[in-house]
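Right, one structure below, let's go through it.
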Amino acid sequence: MEPKFQTSFIPRKPIIEGVSSMRPPVHNTNIFSVIASIAFIITIFVCGGLFAYKHVLTGQIAQAENDLVAARAAFEPDTIQKLISVSSEISSAKRLLEQHVVVSEIFSLLQNITVKKVQFDDFSYSKKDKASSISMSGAAQNYSALRAQADLFSQSDFIKNPVFSNFDLAENGNVTFKFESTIDPTLISYKKAVSALSATNPQ
């Protein structure tokens with residue numbers, strides 16, 4: 001009796017199952033998780049950088065304060081305060097020197113430019129802000145003398161805006177009048193007078 005052989009080659013397990021078992025597992029990646037991780041790392045670096053910058057800046061401020069203290073000590077604050085006080089006193093003296101006037105210079109000027117036939121019997125001086133003015137009353141023997149006096153006043157560099165007014169004829173025949181004008185500040189400047197005196201009498 002001949003032996004029986006099984007001629008069927010059909011595998012007992014499907015081939016597809018074996019192939020599918022050889023594929024690597026697939027992992028799903030969440031894009032939001034990646035972005036969050038990157039943002040977290042960047043935040044850590046930024047915080048670290050800010051902390052380091054704050055530390056460096058604090059050190060620079062402390063060093064600047066130390067340098068300032070050292071600089072103040074080097075300049076001797078007491079000496080600086082004394083120099084400031086002296087400078088203030090000098091400035092005050094200069095202001096007083098510039099504002100001080102010598103009214104006597106006006107009388108010297110009038111003495112030199114007054115006509116012999118004219119006389120003044122009243123004088124007043126006033127100063128407002130930086131402008132100085134004079135007011136006088138007087139009498140002239142005649143109108144010719146008065147005209148000559150007006151010409152001399154108008155030719156003077158120190159008498160500005162001369163004005164004659166209130167003309168009247170006195171019983172003795174003299175012509176009375178009133179005179180007003182402003183005075184050039186350089187005429188009555190105390191500073192100029194001191195400078196001129198120093199130039200005349202050098203030490």
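From a predicted model like this one, the values you see are computed outputs, not experimental measurements.
For Phe167, there are no ring pair (Phe, Tyr, Trp, His ring centres under 6.0 Å) partners two or more places apart in sequence or in a different chain. Under the side chain to side chain donor-acceptor pair (under 3.5 Å) criterion, Asp67 pairs with Gln63, sequence neighbours left out.
Residue Lys160 qualifies as enclosed at atom NZ: its count of foreign heavy atoms under 6.0 Å is above 12.
Under the 4.5 Å side-chain contact rule for hydrophobic residues, Val163 and Tyr143 do not share a cluster. Under the 4.5 Å side-chain contact rule for hydrophobic residues, Phe107 and Phe120 share a cluster.
Of the candidates Leu187, Ile183, Leu110, Leu187 is the only one forming a side-chain contact (heavy atoms from CB on, under 4.5 Å) with Glu105. Of the residues listed (Ile113, Thr182, Leu109), the one engaging Phe158 in a side-chain contact (heavy atoms from CB on, under 4.5 Å) is Leu109, and it is the only one.
Residues Ile188 and Ile106 are in side-chain contact: their nearest non-hydrogen atoms beyond the backbone lie under 4.5 Å apart. Within the 4.5 Å cutoff, no side-chain heavy atoms of Asn161 are placed close to those of Ser181. Two residues are said to be in side-chain contact when any heavy atoms from C-beta on lie closer than 4.5 Å; Val118 and Phe179 fail this criterion. Residues Lys54 and Leu57 have side chains not in contact (no heavy-atom distance under 4.5 Å, counting atoms from C-beta outward). Between Asn174 and Gln141 there is a side-chain heavy-atom pair separated by less than 4.5 Å.
Of the possible donor and acceptor atoms, none in the side chain of Ser156 sits under 3.5 Å from a partner among the backbone N and O of Phe153. Looking at Ser135, its side chain never comes within 3.5 Å of a backbone N or O of Ser124 through a donor-acceptor pair. When atom types are taken as modelled, the side chain of Gln149 and the backbone of Val115 share a donor-acceptor pair closer than 3.5 angstrom.
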Side-chain donor-acceptor distances from residues 34-52 under 3.5 Å, at least two apart:
unit_1	atom_1	unit_2	atom_2	d
Ser37	OG	Ser33	O	2.9
Thr43	OG1	Ala39	O	2.7

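Put simply, NZ on Lys82 and OG on Ser87 are 16.0 Å apart, with the number rounded to the nearest 0.5 Å. The structure places CD1 of Ile159 at 5.5 Å from CD1 of Ile134, a figure rounded to the nearest 0.5 Å. Of the inter-residue distances, the one linking Lys117 atom NZ with Ser144 atom OG reads 8.0 Å to the nearest 0.5 angstrom.
Shown here for Phe177 and Ala140, the closest heavy-atom pair between the two residues is CE2-N, 3.9 Å.
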Practice task
Go through Val175 and Leu169 one step at a time and tell me if the side chain to side chain contact (heavy atoms under 4.5 Å, CB included) criterion holds.
Solution key: CA-CA 5 Å; Val175 180; Leu169 189 61; 4.3 Å; yes
